[in-house]
Protein chains: 2
Amino acid sequence: MVTMRDVAERANVSIATVSFVINGTKPVAPATRARIEAAIEELDYRRNVVARALASSRTRILALLHPDFEARPNATVIQFVMSAAHGARERGYDLVLWPVNDDEQMSHLLAGGLVDGALLMEVQIHDSRVDRLVASRVPFALIGRTDNDDLPYVDIDFATTIDQAVDHLRAFGHERVALVTQRTKAAPGNEPGRIMRAEAAYLDTMAALGRPPAVITVEGTSAGGREAARTLHEDFPDATAVILLNEGASAGLVKGARALGRAVPGDLSIISASTTRELGEMIEPSLTVMAAPAAQLGRLAADALIDQLEGVQDAPPHLLIPCTLVPGQSVGPAPVRP
Amino acid sequence: MVTMRDVAERANVSIATVSFVINGTKPVAPATRARIEAAIEELDYRRNVVARALASSRTRILALLHPDFEARPNATVIQFVMSAAHGARERGYDLVLWPVNDDEQMSHLLAGGLVDGALLMEVQIHDSRVDRLVASRVPFALIGRTDNDDLPYVDIDFATTIDQAVDHLRAFGHERVALVTQRTKAAPGNEPGRIMRAEAAYLDTMAALGRPPAVITVEGTSAGGREAARTLHEDFPDATAVILLNEGASAGLVKGARALGRAVPGDLSIISASTTRELGEMIEPSLTVMAAPAAQLGRLAADALIDQLEGVQDAPPHLLIPCTLVPGQSVGPAPVRP
DNA sequence: CTGAAAGCGCTTACAG
DNA sequence: CTGAAAGCGCTTACAG
């Protein structure tokens with residue numbers, strides 16, 4: 001292995017000077033610099049990142065803390081993860097994946113000193129992992145928000161997303177719009193923030209319009225989607241449009257509605273929010289979706305965290321990005337009331 | 001920060017002895033051990049992984065080298081990545097994500113000394129990245145195979161997968177089975193191994209059955225799927241079943257076949273191979289799929305690499321896992337010839 | 001069974 | 001602008 005010492009010897013300088021040119025930390029005379037650069041080139045020297053990390057007490061490694069995604073693969077997750085890794089890499093940082101099952105394990109990992117900062121996914125309104133994170137004194141950014149808006153976060157702007165979805169449906173004449181959300185294992189009132197915030201935004205919008213809300217909560221599966229179709233049909237027969245906040249139930253909802261004799265979009269219009277274009281195309285009729293800004297969020301999260309680490313920044317980042325409407329064939333004019 | 005020195009002082013031993021009990025590298029007297037363990041507990045000491053890495057010249061970090069997945073999110077990818085990270089973590093290793101665009105960048109990263117080993121995804125038959133990897137002298141395992149079967153790899157067993165798909169279709173009376181693969185940017189003859197091997201397995205099977213093969217190559221999009229439906233209809237009108245090796249084209253193929261007046265599975269049976277159960281459920285009629293063993297492969301890859309690193313192992317790992325048949329509603333009896 | 005000490009390959013005040 | 005040296009927090013022969 002070629003070390004900094006080898007380079008220094010070949011260039012006839014001290015290792016300190018080599019360090020200065022590699023890191024640009026101090027001015028070095030052009031001639032000296034040239035000799036050093038030549039030596040680096042000739043020896044094909046590459047600085048050892050572990051030694052650097054120990055000496056500088058900065059590892060330039062970021063952790064992505066996430067629950068176990070193996071069970072329910074989600075296309076937006078991979079986009080988020082990959083763009084975060086990509087954004088980090090472009091700024092000279094590495095991203096390690098830390099599947100964390102419990103808070104204890106998380107604290108242990110954080111205390112090991114491997115990472116300079118952490119990104120936490122799937123944040124809930126009350127989240128003990130966030131408390132641990134704060135206690136660990138490792139800088140971080142949340143993907144999603146707790147009820148403490150002062151912490152650094154990036155998140156989907158659900159209020160704007162729901163508003164736009166409702167506006168889109170109202171432009172087609174829909175007056176009664178239902179919301180289908182996802183059941184989770186979380187305690188009531190402590191669902192993932194995305195569900196609670198989207199629901200709150202929906203209720204606000206309905207209230208502003210003077211319409212009674214219709215919220216249906218089902219599993220994130222095809223069976224859940226079918227259940228939603230039945231509930232909609234029986235309990236809210238006058239709803240002519242649905243906003244889904246439940247990717248996994250999308251296909252089931254369409255199938256279920258049809259099985260009940262309701263054409264899509266003839267009798268029922270559907271928007272699937274916070275999902276991918278690909279999902280929309282996968283279904284017949286192609287779904288109108290609000291595409292989640294997963295790739296953007298991944299990069300923003302990495303950038304926000306790195307800005308914090310490098311002191312490029314004053315206030316903790318609070319970034320909200322709405323989903324993007326991608327029209328498909330699942331939204332049509334509201335049927336005329338009989 | 002609590003260091004090993006703090007623990008040593010409190011327990012009245014040298015730091016070497018602390019290291020011995022933490023790592024279990026040398027026998028330590030029970031009483032001494034107890035004092036040290038108590039000190040660790042009381043100080044809430046956690047060994048600094050960076051210092052350990054520098055001193056032991058083992059970082060216990062693995063790299064996952066992969067092309068840019070942001071563009072085309074694929075559900076099997078996230079399963080693979082997460083299970084690899086999970087498997088690594090369980091054995092005390094961390095997994096960093098390295099999106100690599102070019103060989104040069106890959107070599108640079110590898111030379112930094114951050115990782116003990118690497119996993120390379122999306123391996124092609126002739127793959128210059130593999131040459132770089134070999135040259136870097138960093139231990140590795142491939143996800144997929146090159147034409148050099150001696151290198152360590154884990155891969156999907158396409159031969160078995162295709163055989164099982166054909167068997168399944170033949171049990172329903174299908175005699176003429178087409179294969180739809182995916183067009184890539186790779187040079188002809190150098191497509192990702194999965195495509196070439198699946199095609200080879202298909203051709204072998206057809207030859208063994210004495211049937212003329214029908215291979216259609218299209219983009220991995222809905223449009224590609226529609227194109228495949230047209231080509232099938234026009235060029236291979238007697239094919240009554242299709243095996244897809246093109247996840248993105250699945251929905252388009254179904255839509256396209258219908259648009260041409262061919263019912264699924266009434267007139268055309270479809271199996272989508274090397275994809276997810278979730279994809280199958282997302283389509284109407286639900287697709288019969290051969291689910292890719294992504295989670296298994298992720299864990300196996302991590303384990304195989306770690307086994308190599310820890311010398312648990314003699315021969316380089318060569319692991320092949322077939323996909324799993326998950327029946328849906330897209331396969332039915334072959335239509336009777338007119 | 002335990003300790004003193006060298007060393008891993010860098011960075012960073014400090015001095016000149 | 002450059003260098004000598006301490007130090008980052010561990011591991012690991014080596015000696016006893």
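Here the structure is a predicted model, which is why all the values come from computation and not from measurement. Every chain is numbered from 1, with letters handed out A, B, ... down the list of sequences.
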Task: Qualifying residues under salt bridge (charged side-chain N to carboxylate O under 4.0 Å, His left out), relative to Asp303(B), sequence neighbours excluded - done: Arg91(B)

Task: Residues that Asp157(B) engages under salt bridge (charged side-chain N to carboxylate O under 4.0 Å, His left out), provided they are two or more places apart - done: none

Return a table of donor-acceptor pairs under 3.5 angstrom between the side chains of residues 30-37 of chain B and protein atoms on other chains or two or more places apart.
residue	atom	partner	partner atom	Å
Arg35(B)	NE	Ala11(B)	O	2.9
Arg35(B)	NH2	Ala11(B)	O	3.2

Open item on the list: Strictly below 4.0 Å: does Thr17(A) bring a side-chain N or O up to OP1 or OP2 of dT2(D)?
Closed with: no

List the atom pairs, with distances to 0.1 Å, where a side-chain N or O of residues 20-27 of chain A and a protein N or O form a donor-acceptor pair under 3.5 Å, not counting sequence neighbours.
residue	atom	partner	partner atom	Å
Asn23(A)	OD1	Arg47(A)	NH2	3.0
Asn23(A)	ND2	Ser19(A)	O	3.1
Asn23(A)	ND2	Ser19(A)	OG	3.2

Tell me, please, which residues at least two apart from [X] pass side chain to side chain contact (heavy atoms under 4.5 Å, CB included).
X: Asp149(A); answer: Arg145(A), Tyr153(A)
X: Ala8(B); answer: Val13(B), Ile15(B), Val18(B)
X: Asn48(B); answer: Met1(B), Val50(B), Ala51(B)

TODO: Indicate for each nucleotide in nucleotides 10-16 of chain C, in 5' to 3' sequence, whether protein heavy atoms under 4.0 Å reach the base (B), only the sugar-phosphate (S), or nothing (-).
DONE: BBB-B--

TODO: Under 4.0 Å between any heavy atoms, over every strand shown, what does Val13(A) touch: base, sugar-phosphate, or nothing? Just pick one.
DONE: sugar-phosphate

- [ ] Pull out every stem in DNA chain D, meaning runs of 3 or more consecutive Watson-Crick or G-U wobble pairs with both distances under 3.5 Å.
- [x]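 The stems that DNA chain D takes part in, listed by first number, are C:1-3 with D:14-16, C:5-12 with D:5-12, C:14-16 with D:1-3.
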
TODO: Would you kindly give the CG-to-C1' distance between Leu54(B) and dG7(C), to the nearest whole Å?
DONE: 9 Å

Task: Heavy-atom side-chain contact between Asp155(B) and Ile143(B) under 4.5 Å - done: no

